[in-house]
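Below is one structure, written out as structure tokens; comments come after it.
Protein chains get the first letters and strands the later ones, always in sequence-line order, with residue 1 at the start of each. Hydrogens, waters and symmetry mates play no part in the numbers below; they use all other heavy atoms, side chains included.
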Protein chains: 2
Amino acid sequence: MIAAKDDTIKEEILEQAQKLFQQFGVKKTTMEDIARAMGKGKSTLYYYFCSKEDIFDAVILKEMEEVFSSVSHAVEKAGSAEEKLKAFTLTKIRSLHRKANLYKIVSGEMQDNMRCIKHLHTEYDLRETRLLKEILEFGVGNGEFTRLITKELDILPSVIVSSLRGLERDVFVEGKYTRLVTRMESIVGILIRGLQNTTHLNSRSIANTNTRKQII
Amino acid sequence: MIAAKDDTIKEEILEQAQKLFQQFGVKKTTMEDIARAMGKGKSTLYYYFCSKEDIFDAVILKEMEEVFSSVSHAVEKAGSAEEKLKAFTLTKIRSLHRKANLYKIVSGEMQDNMRCIKHLHTEYDLRETRLLKEILEFGVGNGEFTRLITKELDILPSVIVSSLRGLERDVFVEGKYTRLVTRMESIVGILIRGLQNTTHLNSRSIANTNTRKQII
DNA sequence: TTTGGACCGAAAAACGAATTTGGTCGAAAA
DNA sequence: TTTTCGACCAAATTCGTTTTTCGGTCCAAA
């Protein structure tokens with residue numbers, strides 16, 4: 001019960017801090033701003049949190065919690081694994097997009113840092129996308145890949161490029177390069193299975209497994 | 001012939017600039033540094049390039065060219081579309097990794113910017129990875145997804161999370177949120193096809209297409 | 001056609017003073 | 001005991017000013 005009241009005030013603090021962070025950015029909001037926003041003294045904040053970074057972390061954690069719980073909820077609601085997977089990705093994107101709108105000052109500052117190489121980056125992405133498209137076209141013409149992707153051939157290459165960039169990021173922010181090769185092989189394996197021509201796939205997989213009776 | 005000599009010197013300039021950028025970072029290397037490095041006067045640089053940003057762009061472009069050409073070369077050498085796709089991803093990762101080592105001062109500075117939320121980020125990734133693993137396990141137990149991924153169930157979820165982050169990034173750096181939903185659906189569609197239980201897949205795809213004769 | 005030295009203006013570094021801000025402490029209020 | 005607050009401190013930040021640096025230009029010389 002005692003802890004309950006504590007938590008109420010803690011949440012109040014986080015709420016106010018969140019609002020201020022969104023409005024003015026993290027750096028520009030002072031502890032006094034937060035304290036003033038809830039009509040309390042500054043040092044009161046330190047009764048509930050031990051540092052500003054603590055508050056910041058808690059706010060971010062709360063935001064993440066909201067994203068995750070909405071994703072989690074959407075996944076639970078979905079019936080099939082396929083729908084779960086779709087729910088997972090789409091819900092997260094939507095949720096993130098909403099957050100990005102709230103923190104548009106912050107995301108604006110983030111863009112400023114990247115601005116210098118953006119034009120080169122997008123140009124490179126274009127080349128890469130073209131190459132990837134050629135590979136996919138080659139695969140389709142080859143009979144290796146399914147013709148089902150033909151209509152997606154304008155969108156799929158750039159999507160794959162974006163996805164791979166997520167993996168490439170791991171090379172830089174973490175030292176997990178050694179694992180990355182196997183990680184890469186793992187996802188590319190699934191990707192290829194997804195692209196493969198079903199008939200082509202079957203002729204192999206039927207030979208390796210005994211599921212023929214289910215097929216016919 | 002005249003242009004040839006021009007290009008030689010231009011390349012020499014880029015080479016020296018590249019070295020200095022790697023060693024000291026872009027901001028810390030001055031035009032005089034570059035000029036001194038090749039025993040010429042500063043204004044000579046402006047005979048060949050019209051600004052420092054021009055040189056910077058050219059160096060980056062050169063680096064990208066190296067990455068792309070090695071990727072492109074590896075793709076060409078590969079025979080099948082599958083091998084091409086694998087060559088594409090792995091070669092790029094290796095190439096980027098090498099570059100990251102050269103520019104470790106630069107990549108070090110980049111990490112400093114992200115450091116503040118890294119610990120929260122990795123924690124969130126963990127939760128997301130777990131949820132994704134549950135989905136995959138559900139799909140396997142369900143019969144929706146192939147049992148082939150059972151042994152990759154420790155690595156695949158985190159890989160998918162990393163990949164999706166690449167797509168999420170597009171929400172922030174570019175305004176292409178509206179497209180993103182269809183983009184997302186596109187890649188998830190392929191992914192699901194790749195995960196699907198072949199027998200399950202066949203019973204549907206055979207019904208929709210008339211490729212039965214090829215199967216048998 | 002190239003190169004280098006002198007030069008310019010804007011941007012950035014240097015720097016010390018003034019102010020702000022994160023954080024602490026003990027007393028007082030509840 | 002639990003919670004709040006004002007006073008206080010040290011470190012960081014800001015500010016205003018001066019100085020230096022650096023990107024870029026110009027012109028003469030090679």
- Task: Mind calculating the distance between CD1 (B:Ile34) and P (D:dG24) to the nearest angstrom?
- Result: 11 Å
- Message: Under a 4.0 Å threshold between the charged nitrogen and the carboxylate oxygen, would B:Arg130 count as salt-bridged to B:Glu134?
- Response: no
- Message: Holding to salt bridge (charged side-chain N to carboxylate O under 4.0 Å, His left out), I want the full list of residues that pass it with A:Asp154, two or more places apart in sequence or in another chain.
- Response: A:Lys133
- How are the rings of B:His97 and A:Tyr177 set to each other: parallel, tilted or perpendicular (split at 30° and 60°)? parallel
- Message: Counting only heavy atoms and a strict 4.0 angstrom limit, can you tell me which residues of residues 11-25 of chain B come near DNA chain C?
- Response: none
- Whether over 12 other heavy atoms sit under 6.0 Å from B:Glu12 CD: yes
- Item | Full working for side-chain contact (heavy atoms from CB on, under 4.5 Å) between B:Leu96 and A:Val171 | CA-CA 8 Å; B:Leu96 275 184; A:Val171 182; 5.5 Å; no
- Where along residues 45-54 of chain B does a heavy atom fall under 4.0 Å from DNA chain D? B:Tyr46, B:Ser51, B:Lys52
- Message: Less than 3.5 Å apart, any donor N or O on the side chain of A:Arg183 or B:Ser162 sitting next to an acceptor on the other?
- Response: yes
- Note on the structure: A:Thr30 has its side chain closest, among C:dT3, C:dT21, D:dG23, to C:dT21
- Atom-to-atom span, CD1 of A:Ile55 to C1' of C:dT21 - whole angstrom: 13 Å
- Could you tell me whether A:Arg127 and A:Glu123 make a salt bridge, using a distance below 4.0 angstrom between a side-chain N and a carboxylate O? no
- Query: Rounded to the Å, how far apart are A:Lys27 NZ and D:dT14 C1'?
  - Reply: 11 Å
- The bend of the helix from C:dT1-D:dA30 to C:dA30-D:dT1, taken between the axes of its five terminal pairs at each end and rounded to 10°, is 40°
- Query: Do A:Asp7 and A:Lys10 meet the salt-bridge criterion of a basic N to acidic O distance under 4.0 Å?
  - Reply: no
- Query: Among all residues two or more places apart in sequence or in another chain, which pass the side-chain hydrogen bond (donor to acceptor under 3.5 Å, both in side chains) test with A:Tyr48?
  - Reply: none
- Task: Evaluate the side-chain contact (heavy atoms from CB on, under 4.5 Å) criterion for residues A:Arg179 and A:Asp170: first the C-alpha distance (whole Å), next the side-chain angles of each, then the deciding distance (0.1 Å), finally the verdict.
- Result: CA-CA 10 Å; A:Arg179 292 183 197 173; A:Asp170 293 352; over 6 Å; no
- Query: From B:Leu90 CG over to B:Glu83 CD, what is the distance, rounded to the nearest 0.5 angstrom?
  - Reply: 11.5 Å
- Query: Going through the checks in order, is the side-chain contact (heavy atoms from CB on, under 4.5 Å) test met by A:Phe21 and A:Val106?
  - Reply: CA-CA 9 Å; A:Phe21 286 162; A:Val106 179; over 6 Å; no
- Item | B:Lys28 or A:Lys28, whichever maps to the more 5' nucleotide of DNA chain D | A:Lys28
- Query: Looking at CG of B:Leu45 and NZ of B:Lys52, how far apart are the two atoms once the value is rounded to the nearest 0.5 Å?
  - Reply: 11.0 Å
What nitrogen or oxygen pairs link the protein and nucleotides 4-9 of chain C at under 3.5 Å?
| residue | atom | partner | partner atom | Å |
| --- | --- | --- | --- | --- |
| C:dG4 | OP2 | B:Gly41 | N | 2.6 |
| C:dG4 | OP2 | B:Thr44 | OG1 | 3.1 |
| C:dG4 | N7 | B:Ser43 | OG | 2.6 |
| C:dG5 | O6 | B:Ser43 | OG | 2.6 |

